[in-house]
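Working notes, beginning with the structure itself.
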Amino acid sequence: MRNVRVRMAPSPTGSPHVGLVRTALYNWAFARHHGGTFVFRIEDTDTARNTEESYTAILELMRWLGLDWDEGPEVGGPHAPYRQSERSDLYAEALDKLRASSYTYDCYCNNDEVDARRKASGSKVMGYDGFCRELTADQVAAFEGQGRKPVVRFRMPDGSVSWDDLVRGEITFETEFVPDYALCRANGEPLYTLVNPVDDALMEITHVLRGEDLLSSTPRQVALYAALIDLGITDFTPQFGHLPYVMGEGNKKLSKRDPEAHALAYRDNGFLPEGLLNYLALLGWAIAADRDVFTLAEMVEKFEIGDVNANPARFDLKKCEAINASHMRLLSVEDITHRALPFLKAAGVVGDPVHDADAQLLELAMPLVAERINKLAEAPDMLGFLFVDEESFSVDPADAEKLLDEAGKGVVKAAHDALVDLHPWSTDAIQTALQAALVDDLGPKPRVAFGPVRGAVSGRRVSPPLFESMELLGRDRSLGRLQRALG
RNA sequence: GCCCCCGUCGUCUAGCGGCCUAGGACGUCGCCCUCUCACGGCGGUAACGCCGGUUCAAAUCCGGUCGGGGGUACCA
């Protein structure tokens with residue numbers, strides 16, 4: 001078999017979509033599994049819709065995910081450049097060859113004329129009717145005389161076109177239902193229909209793994225490939241595999257309007273790239289009957305395109321979070337600390353750069369929270385109370401109301417009294433003292449007894465373990481906060 | 001309308017003729033653990049769209065039907 005070469009070819013329009021990530025992942029995993037080449041190409045021929053922001057976001061996304069490409073923007077390669085906007089001469093050349101052949105013809109029709117003819121003929125096929133297929137020189141002269149500029153149309157062959165889809169098996173289209181299509185605009189600008197197959201051919205792409213939405217354009221490409229081969233532009237047709245959609249709520253494709261659709265938002269919300277990727281991999285593929293959590297390396301080892309499911313998958317944020325949480329559990333405390341740092345800095349929990357004292361405290365505190373957060377972005381809320389200045393410290397108003405009523409204050413007072421002369425100030429000693437003072441003497445259930453203390457000290461109803469937290473906070477600050485809660 | 005794709009628990013899936021009174025995961029419900037939360041443990045809930053056919057035997061193969069999705073551009 002020829003060396004595997006696959007590509008991801010996004011259009012830089014809008015904010016990158018999770019469906020794009022899934023497609024990129026499958027291509028990447030396929031390439032890595034087969035020891036092939038992963039090409040990254042930017043399809044920015046539609047100048048009206050492309051933006052530089054989107055282009056930058058896609059690169060940033062790929063880098064964050066760790067889906068490295070062997071050829072493409074910023075890394076170059078033998079088929080550079082990899083942005084279609086910089087490859088115009090290549091398309092012009094291919095178009096010239098096509099135009100000089102009988103595979104295409106110049107077409108002078110406009111939409112209204114085509115519509116009118118269809119209405120008159122009663123044809124059920126919607127697209128172009130082939131009117132200009134056999135124009136005489138006189139007819140061409142007449143159109144030119146009217147100042148019309150032609151588009152170049154590909155002449156679909158008679159009969160049928162079929163291919164063995166890598167995920168769906170044999171697919172056949174009768175070409176009577178696949179109208180002749182334009183390869184470029186009348187102003188000469190090449191269209192996707194030309195540019196995409198030509199680049200795949202030039203870049204020697206062997207397997208085209210793309211979204212199901214391109215399924216119906218595949219017969220056109222297969223037919224075009226025959227022409228490209230005949231014209232010596234390439235010498236083989238790639239294999240195609242059409243991946244199922246990633247759906248949103250209801251029965252529609254996950255759209256850019258859905259917040260879950262935006263890939264970079266997962267990074268900003270504290271997801272791990274390995275968590276997102278693992279979840280997305282599950283949308284259409286399974287590593288085993290009884291396993292959901294795996295590493296990228298394991299995926300590379302096991303990924304077969306033939307195992308990909310053909311039916312569309314609904315995106316489920318809950319499961320995505322659960323898979324992410326599993327990956328959090330796989331990380332060392334040091335790793336989580338390192339990765340949570342940007343979130344802690346952004347929230348102002350620690351400074352940037354981090355002071356030595358904060359770094360030390362973080363090292364002690366992180367083990368307490370690492371296993372109780374499911375996303376990195378949850379770290380600041382859990383840790384903030386340890387780092388905040390006493391002047392800025394405050395108890396969450398809603399939690400204060402629940403925890404620090406009259407009874408709660410009684411508990412806090414008792415806790416303060418029990419701890420004021422405590423030595424040493426250690427987790428064990430604090431726990432023993434509070435247990436004796438609050439539970440054994442006053443009698444309430446532990447959860448009732450420790451709640452108000454937790455609120456007074458951490459400022460929240462939910463916090464890292466109380467006694468450990470108080471040890472880290474130190475005697476003065478702990479007692480001070482208890483005192484404050486009483487006032 | 002026409003063409004194409006798809007159809008297993010609420011969701012993602014395993015299943016590729018007998019191992020299936022259909023397995024796992026998320027969700028959900030109950031219980032346990034417990035200083036809160038999270039983790040963890042145990043148990044429950046819940047699916048082969050429908051109708052025919054092939055076969056000793058069908059979730060698995062075939063046909064039809066219904067349902068969902070996509071395409072039908074001088075968008076990609």
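Nothing here was measured: the structure is a model prediction, and the numbers come from that model. Each chain gets a letter, A, B and so on, in the order its sequence line appears, and its residues count up from 1. Side-chain atoms are counted along with the backbone in the values below, which use heavy atoms only and exclude waters and symmetry mates.
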Below 4.0 angstrom, N of the basic side chain to O of the carboxylate: do [X] and [Y] qualify?
| X | Y | answer |
| --- | --- | --- |
| A:R461 | A:E401 | no |
| A:R291 | A:E298 | yes |
| A:D335 | A:R339 | yes |
| A:R41 | A:D199 | yes |

Exercise. Could you run through nucleotides 32-38 of chain B and give me one letter per nucleotide, 5' to 3': B if any protein heavy atom sits under 4.0 Å from the base, S if only the sugar-phosphate is that close, - if neither?
Key: ---BBBS
Quiz item: In B/S/- notation, 5' to 3', how is nucleotides 7-25 of chain B contacted by protein heavy atoms closer than 4.0 Å?
Solution: SS--SBSS--------BBB
Quiz item: At under 4.0 Å, does any side-chain N or O of A:R185 touch on OP1 or OP2 of B:rC75?
Solution: yes
Quiz prompt | Phosphate OP1/OP2 of B:rA76: any A:T45 side-chain N/O under 4.0 Å | solution = yes
Using atom [atom1] of [X] as one end and atom [atom2] of [N] as the other, report the distance to the nearest whole Å.
| X | N | atom1 | atom2 | value |
| --- | --- | --- | --- | --- |
| A:R49 | B:rA73 | CZ | C1' | 12 Å |
| A:D165 | B:rG70 | CG | P | 18 Å |
| A:M126 | B:rG70 | CE | C1' | 15 Å |
| A:D213 | B:rG69 | CG | P | 15 Å |
| A:L215 | B:rG71 | CG | P | 11 Å |
| A:F177 | B:rG1 | CZ | C1' | 12 Å |
| A:K318 | B:rC26 | NZ | P | 13 Å |
| A:R148 | B:rC74 | CZ | C1' | 13 Å |

Quiz item: Between A:N278 and A:D292, is there a donor-acceptor pair closer than 3.5 Å when you use the side chain of the first and the backbone of the second?
Solution: yes
Quiz item: Okay, side chain of A:T172, backbone of A:S162: is any donor-acceptor separation there less than 3.5 Å?
Solution: no
Quiz item: When we call it a touch if two heavy atoms are under 4.0 Å apart, what does A:T172 touch: a base, just sugar-phosphate, or nothing?
Solution: sugar-phosphate
Exercise. Please determine if A:R133 forms a cation-pi arrangement with A:F131, meaning its NZ or CZ atom is less than 6.0 Å from the six-membered ring centre and no more than 45° off the ring axis.
Key: no
Exercise. Hey, could you give me the CG/CG distance between A:L166 and A:D307, rounded to the nearest 0.5 Å?
Key: 11.5 Å
Practice problem: Side chain of A:R168 only, please: which of B:rA76, B:rG71, B:rC6 is the nearest? | Solution: B:rC6
Quiz item: Centroid-to-centroid, A:F294 to A:W285, below 6.0 Å?
Solution: yes
Quiz prompt | Nucleotide paired to B:rU28 in any strand shown, Watson-Crick or G-U, under 3.5 Å | solution = B:rG44
Self-check item: For B:rU60, the Watson-Crick or wobble partner whose two distances fall under 3.5 Å
Solution: none
